[in-house]
Amino acid sequence: MAVTEQKKAIVANLKEILTSSKGAVITSYKGLTVAQDTALRVELRKAGVTYHVIKNTMTRIAAKEAGLDDMIPFLEGTTAMAYSADDAVAPAKVISEFIKKNNLAEEEKLVVKGGIVEGKVVSADEVKAIASLPSREILIGKLLGSMQAPVSNTVGIMGNMVRSIVNVLDAIRKQKEEQASA
C-alpha cells in the first residue's frame, strides 16, 4: 500500500514539473561517465536548471495526465530530464553546449531526445534550434539598439542641418564684411 502511495506522489511531482516548467529537455545518458555526469550537473546548476534521472513508466503517466502525450515516444531507454521553472532556453542551451564541448555527439553518450518549451512538446531538432538562439539579454540589447538607431540618425541629421545653416550664415557675414570694406 505504501509503495503505491509513493508512486502516486512521484507521478504527481513529475506532473507538476512538466506543467510548471518553462523549459525541459529529455536526454539519454547511456555510457556517460560519473565525471562527465558530475560536470554536466555542475553546469546545469550554475544556470539554475534542475537535472534528474526519471522513471519512464511514471513519467508516461504524468505526461498523459498533463496532456503531453507527444512526449511519450521520448521515454524509452535511459532517460533524464533537465528543467527550469524560470528560463525556457537554459536547459537546451547548457546541454547542447556540454555535448559540443565534450564531443559527446559522435559517441552518443548524451543524446537529446526532445523537450518541452512553454508547455509545448518539441523534437530534438527543435531543442537544438532553441539552444542556438542568443540569450534573452542579447535579444533585448539588439531590440533596443534597433529602436535607438532611428532616433540617433535623426539627431545626426538635425545636427548636420544646423551646421549647414551656421556655415551659410557665416559665409553671408563674410561676404557682407568684404563688400563693406571694399
Side-chain angles (χ1 to χ4, degrees), residues 7-146:
K7 287 182 179 180
K8 285 182 181 178
I10 292 170
V11 169
N13 184 39
L14 283 168
K15 179 183 174 188
E16 173 64 25
I17 290 169
L18 293 174
T19 56
S20 66
S21 296
K22 287 196 176 197
V25 176
I26 310 298
T27 64
S28 173
Y29 58 91
K30 190 174 185 179
L32 206 59
T33 66
V34 172
Q36 289 171 327
D37 186 56
T38 303
L40 174 61
R41 288 175 188 270
V42 167
E43 292 295 320
L44 289 165
R45 212 172 293 120
K46 283 180 189 174
V49 177
T50 307
Y51 181 74
H52 292 292
V53 172
I54 55 175
K55 296 251 185 215
N56 290 332
T57 305
M58 291 185 203
T59 308
R60 273 190 210 102
I61 295 167
K64 283 181 184 176
E65 288 180 9
L68 299 170
D69 294 334
D70 293 343
M71 184 180 141
I72 293 172
F74 305 148
L75 303 173
E76 297 293 329
T78 58
T79 307
M81 180 169 60
Y83 59 91
S84 174
D86 302 323
D87 190 349
V89 178
K93 194 172 269 305
V94 173
I95 288 177
S96 292
E97 287 174 7
F98 188 82
I99 290 170
K100 211 179 296 178
K101 185 169 70 174
N102 293 289
N103 297 322
L104 299 174
E106 297 103 33
E107 302 170 17
E108 294 188 3
K109 288 185 176 182
L110 182 64
V111 178
V112 174
K113 295 180 180 181
I116 303 168
V117 177
E118 301 285 344
K120 181 181 178 278
V121 177
V122 294
S123 69
D125 290 335
E126 290 171 309
V127 170
K128 290 172 188 169
I130 289 166
S132 67
L133 290 173
S135 70
R136 183 175 187 268
E137 291 78 19
I138 291 173
L139 289 173
I140 289 171
K142 286 182 178 181
L143 175 66
L144 290 176
S146 65

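We're numbering straight along the sequence, starting at 1.
- Residues Thr27 and Thr79 fail the side-chain proximity criterion, which asks for heavy atoms closer than 4.5 Å.
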side-chain contact (heavy atoms from CB on, under 4.5 Å) assessment of Ile116 paired with Leu68: CA-CA 9 Å; Ile116 303 168; Leu68 299 170; 3.8 Å; yes

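- Counting heavy atoms from C-beta outward, Phe74 and Val121 have side chains that approach closer than 4.5 Å.
- In plain terms, the two heavy atoms of Gly23 and Pro91 that are nearest each other are O-CG, 3.6 Å.
- Nearest heavy atoms, Ser84 versus Val49: CB-CG2, 4.3 Å.
- Considering only heavy atoms from C-beta on, Glu43 comes within 4.5 Å of Lys101 through its side chain.
- Residues Ile26 and Met71 meet the side-chain proximity criterion, which asks for heavy atoms closer than 4.5 Å.
- To the nearest 0.5 Å, the span separating CG on Asn102 from CG on Leu110 amounts to 9.0 Å.
- Taking CD1 of Ile95 as the start and CG of Leu44 as the end, the distance is 5.5 Å to the nearest 0.5 Å.
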Working for salt bridge (charged side-chain N to carboxylate O under 4.0 Å, His left out), residues Glu65 and Arg60: CA-CA 9 Å; Glu65 288 180 9; Arg60 273 190 210 102; over 6 Å; no

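- A distance of 10.5 Å separates OG of Ser132 from CD of Glu97, quoted to the nearest 0.5 Å.
- Side-chain contact between Lys22 and Tyr83 is absent, with no heavy-atom pair separated by less than 4.5 Å.
- Shortest non-hydrogen contact noted between Val127 and Gly115 is CG2-N, 3.8 Å.
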Verdict with supporting geometry, Asp69 and Lys64, side-chain contact (heavy atoms from CB on, under 4.5 Å): CA-CA 5 Å; Asp69 294 334; Lys64 283 181 184 176; 3.5 Å; yes

Val112/Ile99 under side-chain contact (heavy atoms from CB on, under 4.5 Å): CA gap, chis, key distance, verdict: CA-CA 9 Å; Val112 174; Ile99 290 170; 3.9 Å; yes

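- Separation of atoms OG (Ser123) and NZ (Lys113) is listed at 14.5 Å; rounding is to 0.5 Å.
- A heavy-atom distance below 4.5 Å is found between the side chains of Met81 and Leu18.
- Remark: Ile17 CD1 to His52 NE2 distance equals 6.0 Å, nearest 0.5 Å.
- Looking at Thr50 and Arg45, their side chains never come closer than 4.5 Å, going by heavy atoms from C-beta outward.
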Give every donor-acceptor pair under 3.5 Å between a side-chain atom in residues 28-41 and any protein atom, sequence neighbours left out.
unit_1 : atom_1 : unit_2 : atom_2 : d
Ser28  : OG     : Thr78  : OG1    : 3.2
Thr33  : OG1    : Gln36  : N      : 3.1
Thr33  : OG1    : Gln36  : OE1    : 3.3
Gln36  : OE1    : Thr33  : N      : 3.0
Asp37  : OD2    : Arg41  : NE     : 2.9
Thr38  : OG1    : Val34  : O      : 2.8
Arg41  : NH1    : Tyr51  : O      : 3.3

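- Listed for the Ser21 side chain is no donor-acceptor partner under 3.5 Å among the backbone atoms of Ala24.
- When side chains are defined from C-beta on, Leu14 does not count as touching Ile61, because their heavy atoms never get closer than 4.5 Å.
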